[in-house]
Amino acid sequence: MSRTRVVDALKTGQAGQTVDVRGWVRTRRDSKQAFSFVELNDGSCLANLQIVIDAAVPGYADAIKHVTTGASIAIEGEIKDSPAKGQRIEVHAKLLRVLGEADPLKYPLQKKGHSMEFLREIAHLRPRTNTFGAVTRVRNAASAAIHQFFQSRGFVYIQSPVITTSDCEGAGQMFQVTTLDMHKLAASGKPVNFELDFFAKPASLTVSGQLEAEIFATSVGDCYTFGPTFRAENSNTTRHLAEFWMVEPEMPFYELTDNMALAESFIKSVIGDVLKNCEADMAFFNERIDEKHELLSTLQNILDHEFIRLPYTEAVELLRNSGQKFEYQVDWGSDLQSEHERFLTEQHFKQPVILFDYPRTLKPFYMRCNDDGKTVRAMDVLVPRVGEIIGGSQREERLDVLLERMQECHLDPATYWWYVDLRRYGTVPHSGFGLGFERLIQLVTGLGNIRDCIPFPRVPKSADF
RNA sequence: UCCUCGAUAGCUCAAUCGGUAGAGCGAGCGGCUGUUAACCGCUAGGUUCUAGGUUCGAGUCCUAGUCGAGGAGCCA
């Protein structure tokens, strides 16, 4: 007999069927003389399967002692309609095997709730909780939805390199990659000779796959990357990770307005898919994670309305005339503070906002310059709860302007020779954006801290597991 | 990196003016019960984050550090 997953047993199981179910014990409630109730979870869904084990099961008296929270068991039994409220069906065990015990004195997970901080310290066990089981399934569903969105539109999935020797876009501090012996180097007191290093030059972990994606956008067409990126910034916030996953589509012949439209339908599509495919998990987040129980309505609101499109210059005007008191003053030419962004998306519009046409001085060299000479075709998508979830732009496709901009940003075109080549040979208008995957998970799950949106968070001073 | 707060039982926390370290939950045992975040009783469980210092006496005050949380900056 093959194993039945709990999700299938609960969904389609009918009284009279014999099943083999296996998983981990969440709780056990005893009726001393008669039988025990066991809540079995195998991770296939949020809900547990209730197992009834009575004294007639071979070895009951001995085995039941080891059926404790966290233990793994295998059950052969018969599905019956449950006489009590709380579940449609239950399994009456005929055979019980304890596969792996979990010493109740030592097993760290209790029946009752734990703080998120504590669970981070036991990241190897936290997927066994309701919350992290749900996060894991939602993260999976969102990944699938992302590929589905792009694949159904003919986008090509590109694997951009994790190790790079180009200081891409200066998007942030980079983690160095080396095989040089640091102890020897430090002891020798001599300067580092990178010619002796593995790649014969300084190498780092990537901060973005965008520049590589542009190569493929200008060859195979619409494409996207979806992979890990690394920032060695000393950021200690609820919205930053040193290692995070980023989705970066890049499209030839797209102007900024096309880029915005794609970003909007992308976010809506993924949220819609997750709501549809993870109903129970999403209901759980709405009930148990979001204190106000507004998660589902917030997400539905995002689906139901068109994103606001607001030029940076108008946003500055709006903020200045809002009557709202801000800690930081709003000036044209300086970046909006998160309090300003939050005001726009959470209080003023109460829905996602796409800000665009930023001052060129605030943005990197590759963004396309507008004719006004002051702004570039940049866009940021702001969402309630999370803030900036997408950053993107139309790329500068004109060789002369690009070179001028690189000079302005004190970048050496020789370092970016291959990137410049894309403008030298058959250049086309093109656009793209980057979406922080964990921030999307934050938005969808309602979790307050991004460290709970990735299985094993890497942040300053912490990279356990 | 900066600002604020915090670290006490397995977990979540309390401990008044500097004077014998407690509770709830969890766990063990017993009872009760088609139970379901079950319920009732009993029991065990402590290097009060680390290193110094002040004091007759420090969980409590001082100094330094480590780690955590929230906010800010940077960004996705």
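Numbered from 1 within each chain, the chains take letters A, B, ... in sequence-line order. Because only heavy atoms are used, hydrogens play no part in the values below, and waters and symmetry mates are left out as well, while side chains stay in.
The glycosidic torsion of rC17(B) lies within 90° of 0, which places this base in the syn conformation.
Here the closest non-hydrogen pair linking Val135(A) and Cys453(A) is CG1-CA, 4.3 Å.
rU60(B) sits 15 Å from rA9(B) when the P atoms are compared, rounded to a whole Å.
Side-chain proximity of Asn236(A) to rC74(B), rU35(B), rU1(B): nearest is rU1(B). Checking rC11(B), rA69(B), rC74(B) against the side-chain heavy atoms of Arg451(A) singles out rA69(B) as nearest. Comparing atom distances between the Arg239(A) side chain and each of rG68(B), rC74(B), rA76(B) picks out rC74(B) as nearest. Side-chain atoms of Phe118(A) lie closest to rC11(B) of the nucleotides rA69(B), rC11(B), rA27(B). Closest to the Ser462(A) side chain, of the nucleotides rA72(B), rG68(B), rU35(B), is rG68(B). If you check rG70(B), rG34(B), rC74(B) against the side chain of Thr238(A), the one that comes closest is rG70(B). Nearest nucleotide to the Arg231(A) side chain, out of rC11(B), rG34(B), rC75(B): rC75(B). The side chain of Ser338(A) approaches rA72(B) more closely than any other nucleotide in the set rA72(B), rG34(B), rC75(B). Distances were taken from every side-chain heavy atom of Gln110(A) (C-beta onward) to each of rG73(B), rA38(B), rG26(B); the shortest belongs to rG26(B).
Under the 6.0 Å distance and 45° angle rule, Arg128(A) does not count as a cation-pi partner of Phe132(A).
Contact annotation for Pro83(A): base contact, defined as any heavy-atom pair under 4.0 Å involving a base atom. Looking at heavy-atom distances under 4.0 Å, Thr229(A) makes no contact with the nucleic acid at all. Lys461(A) comes within contact range of the sugar-phosphate backbone alone, with a heavy-atom separation under 4.0 Å but no base atom that close. In this structure, Gln50(A) reaches the bases: a heavy-atom distance under 4.0 Å links it to at least one base atom across the strands shown. Residue-level contact check: Phe244(A) touches the bases, meaning some heavy atom is under 4.0 Å from a base atom. Among the heavy atoms of the strands lying under 4.0 Å from Asn449(A) are primed sugar atoms or P, OP1, OP2 only; no base atom is included. Residue contacts for Arg342(A): at a heavy-atom cut-off of 4.0 Å it reaches the sugar-phosphate backbone alone, with no base atom in range. Here His240(A) lies in heavy-atom contact (under 4.0 Å) with a base.
The stretch residues 132-143 of chain A has no heavy atom under 4.0 Å from RNA chain B, so no residue of it qualifies as close.
Side chain Glu117(A) to base rG70(B): no donor-acceptor pair is found below 3.5 Å. Side-chain to base pairing of Asp30(A) with rU35(B): no donor and acceptor N or O lie closer than 3.5 Å to each other. Judged by atom type and distance alone, Ser235(A) reaches the base of rC74(B) through a side-chain donor-acceptor pair under 3.5 Å. Applying the 3.5 Å distance criterion, the base of rU35(B) shares no donor-acceptor pair with the side chain of Glu39(A). Side-chain to base pairing of Arg29(A) with rC39(B): no donor and acceptor N or O lie closer than 3.5 Å to each other.
A salt bridge is absent between Glu339(A) and Arg342(A); no separation between the charged side-chain nitrogens and carboxylate oxygens falls under 4.0 Å. Between Lys11(A) and Asp8(A) there is no salt bridge, since none of the side-chain N atoms of the basic residue sits less than 4.0 Å from a carboxylate O of the acidic one. Remark: Arg377(A) engages Asp357(A) in a salt bridge, criterion side-chain N to carboxylate O under 4.0 Å. Salt bridge present: Arg29(A) and Glu39(A) bring a charged side-chain N and a carboxylate O closer than 4.0 Å.
The distance between the ring centers of Phe150(A) and Phe266(A) falls below 6.0 angstrom. For an aromatic pair to be called close, the ring centres must be under 6.0 Å apart, and Tyr60(A) with Phe35(A) fails this.
Classification of the Phe226(A)-His147(A) ring pair by plane angle, with boundaries at 30° and 60°, yields tilted.
To the nearest angstrom, C1' of rC11(B) lies 18 Å from NZ of Lys106(A).
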